[in-house]
Amino acid sequence: DLIEFRDTCKISRNAGHKDAYGNHVKSIIYEGPCSYQEGGQIASYRIITRSPVIFLPSNDAVIEINDSVEINTETGRTIKSLVQIARDVRLRAMKHLNIRIELKQATDEKNGKG
C-alpha cells in the first residue's frame, strides 16, 4: 500500500552537553513529514501486542535506538516517545527505501528509568 505522510515528526538526540542553564542540548536528526500508526493488539488464537510505528519518506536520516520522537498527527494530537528500533524498508508501489521506526514508552530522564 502507498503510505500518505500526513503527520509531522521531529526526532532528536542528546548532543552530549548542556546549555548555560544546565539543560541537555538536543540535536535535531529529522524534522518533516511522517506517517504514524497506532499500536495495539491483534486478535488471534494468541494475543499479540504491536508497537506503534512511524514511517519516514526516505532513509536519509540516521536514526538510533532511544532517540526522542515527537509526533504531531494530522488530527492535532501530540505524541512523545522513544525509538525502540529503526529499519530500512521498501514499501510496495514505492521505488525508494523508507524508514520504519518502532516506538516504545517514554523514559523519565530525571532518574534514568526506562
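Listed by chain and number, the residues in a side-chain contact (heavy atoms from CB on, under 4.5 Å) with Val62 amount to none (sequence neighbours excluded). Legend: residues meeting side-chain contact (heavy atoms from CB on, under 4.5 Å) with Arg13, ordered by chain and number and at least two apart, are Ile29, Glu64, Asp67. Taking Thr73 as the reference, Thr75 meet the side-chain hydrogen bond (donor to acceptor under 3.5 Å, both in side chains) condition, with sequence neighbours excluded. With sequence neighbours left out, Asp88 forms a side-chain hydrogen bond (donor to acceptor under 3.5 Å, both in side chains) with no residue at all. With sequence neighbours left out, the side-chain hydrogen bond (donor to acceptor under 3.5 Å, both in side chains) criterion links Asp7 to no other residue.
Pairing each heavy atom of Ile54 with each of Cys9, the nearest pair is CD1-SG, 3.9 Å. Nearest heavy-atom pair across Val25 and Asn14 is O-OD1, 3.4 Å. For the pair Ala15 and Ser27, the tightest heavy-atom approach, listed with the atom from each and the gap, is CB-OG, 3.4 Å. Taking every heavy atom of both residues into account, Phe5 and Ser35 meet most closely at CD2-N, 3.7 Å.
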Please lay out, stage by stage, how Ile11 and Ile28 fare under the test side chain to side chain contact (heavy atoms under 4.5 Å, CB included).
CA-CA 6 Å; Ile11 301 174; Ile28 304 294; over 6 Å; no
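Looking at heavy atoms from C-beta onward, Leu56 lies in side-chain contact with Ile101 at the 4.5 angstrom threshold. No side-chain heavy atom of Lys80 sits less than 4.5 Å from a side-chain heavy atom of Val69. Contact check for Tyr36 versus Thr8: no side-chain heavy atoms found under the 4.5 Å cut-off. Using a 4.5 Å cut-off on side-chain heavy atoms (C-beta onward), Cys34 and Phe55 make no contact. Side-chain contact between Leu103 and Ile71 is present, with heavy atoms from C-beta onward closer than 4.5 Å.
Residues Asn72 and Lys10 bring no donor and acceptor atom of their side chains to less than 3.5 Å of each other. When only modelled atom types and interatomic distance are considered, Ser68 and Lys26 share a side-chain donor-acceptor pair under 3.5 Å.
Among residue pairs with one or both ends in residues 29-40, those qualifying as salt bridge (charged side-chain N to carboxylate O under 4.0 Å, His left out) are Glu38-Arg77; sequence neighbours excluded.
Using a cut-off of 4.0 Å between Lys/Arg side-chain N and Asp/Glu carboxylate O, Glu102 and Lys104 are scored as not salt-bridged.
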